[in-house]
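Since the structure comes first, as structure tokens, the remarks are kept for the end.
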Amino acid sequence: AVGGAWNSAHMSGFAADFICPDFGSPKAIAQAIAASGIPFDQVICEGTWVHIAFSPEARGQVMTAHFNAGGGTTYTYGI
């Protein structure tokens with residue numbers, strides 16, 4: 001029902017993609033989470049939504065997704 005790659009944190013309930021228009025843009029949300037001190041594994045600004053993942057590893061990765069016109073996605077560190 002969730003969909004996604006078999007090894008995705010979404011599949012085990014440790015990740016979510018979301019928006020929160022009353023708080024701000026996905027970029028503002030991702031920046032706020034990154035600065036919050038909440039232990040997370042990944043926060044990714046995915047353009048029109050935010051991806052957040054949790055795991056015991058809690059790497060604190062902060063990234064931005066770039067969707068390529070020909071297909072595929074690349075990621076850079078930072079927002």
Side-chain angles (χ1 to χ4, degrees):
V2 172
W6 66 270
N7 62 344
S8 166
H10 290 279
M11 301 297 280
S12 56
F14 289 108
D17 295 335
F18 69 97
I19 61 171
C20 187
D22 288 345
F23 184 88
S25 68
K27 181 177 180 178
I29 294 165
Q31 289 172 325
I33 293 169
S36 71
I38 296 169
F40 59 85
D41 191 45
Q42 291 181 320
V43 167
I44 306 173
C45 183
E46 301 250 13
T48 59
W49 71 90
V50 176
H51 166 90
I52 189 163
F54 298 93
S55 79
E57 196 173 349
R59 297 174 289 178
Q61 289 184 336
V62 177
M63 296 183 279
T64 299
H66 305 277
F67 300 98
N68 304 314
T73 307
T74 56
Y75 298 90
T76 55
Y77 285 96
I79 298 173

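Quick note: numbers below take in every heavy atom, side chains included, and nothing from hydrogens, waters or symmetry partners. Treat the numbers as computed from the prediction; the structure is a model and nothing was measured.
Residues meeting the side-chain hydrogen bond (donor to acceptor under 3.5 Å, both in side chains) test with Ser36, sequence neighbours left out: none.
For the atom pair CE (Met63) and CD1 (Ile44), the distance works out to 4.0 Å, reported to the nearest 0.5 Å. Rounded to the nearest 0.5 Å, atoms CD (Gln42) and OG (Ser55) are 8.5 Å apart.
Taking each heavy atom of Val43 and Ala30 in turn, the nearest pair found is CG1-CB, 3.7 Å. The shortest heavy-atom contact between Ala32 and Phe23 is CB-CZ, 3.7 Å.
Residues Ile52 and Trp49 do not share a hydrophobic cluster, clusters being chains of Ile/Leu/Val/Met/Phe/Trp/Tyr side chains in contact below 4.5 Å.
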Could you pull out every donor-acceptor pair under 3.5 Å between side chains of residues 72-79 and any protein atom, sequence neighbours left out?
residue	atom	partner	partner atom	Å
Thr76	OG1	His66	NE2	2.8
Tyr77	OH	Gln61	NE2	3.4

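Heavy atoms from other residues, nucleotides or ligands lying under 6.0 Å from CZ of Phe54 number more than 12.
Counting only heavy atoms from C-beta outward, the side chains of His51 and His10 approach each other to under 4.5 Å. The closest side-chain heavy-atom distance from Ile29 to Phe18 is below 4.5 Å.
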Derivation and outcome, side-chain contact (heavy atoms from CB on, under 4.5 Å), residues Ile19 and Thr48: CA-CA 8 Å; Ile19 61 171; Thr48 59; 5.8 Å; no
